[in-house]
Amino acid sequence: MKKIEIFIAVALIIAMVGVVLFWTAGFNGNMMISQWALIVAGISCWGALIGIGWRKLRQRNFY
């Protein structure tokens, strides 16, 4: 279970940094960096959601 929780935490941290980078780059006019930061944050957020769902399924089926 530890590996799933670590994966979720890392994915959420990457998503948070991506959103902050998106706003910072957007206000400074770097639209290409802003675009890629938002894409990376979105992918990371989906990864975290999949990890949370996977953890819930494992808890339901093994306990």
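Being a predicted model, the structure only gives us computed values, none of them experimental.
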Do you know which two heavy atoms are closest between Ala15 and Cys45, and how far apart they sit? CB-N, 4.2 Å
The reported gap from CD1 in Ile33 to CG in Leu38 (rounded to nearest 0.5 angstrom) is 13.5 Å
Check for me, please, whether Leu12 and Ile4 land in the same ILVMFWY cluster - side-chain distances under 4.5 Å, paths through other members count. yes
Do the side chain of Ser44 and the main chain of Val40 share a donor and acceptor less than 3.5 angstrom apart? no
Identify whether Ile14 and Ile6 are in the same connected component of the hydrophobic contact network (ILVMFWY, side-chain heavy atoms under 4.5 Å). yes
Considering non-hydrogen atoms only, spot the tightest contact between Ala37 and Gly18 and give its length. CB-O, 3.6 Å
Is Ile52 linked to Leu57 within one hydrophobic cluster, defined over Ile, Leu, Val, Met, Phe, Trp and Tyr using a side-chain heavy-atom separation of less than 4.5 Å? no
To the nearest 0.5 Å, atom NZ of Lys56 lies from atom CG of Asn61 at 13.0 Å
Val19 and Phe27: same hydrophobic cluster, using ILVMFWY side-chain contacts below 4.5 Å? yes
Calculate, to the nearest 0.5 Å, the distance between atoms CE and CZ belonging to Met31 and Phe22 respectively. 8.0 Å
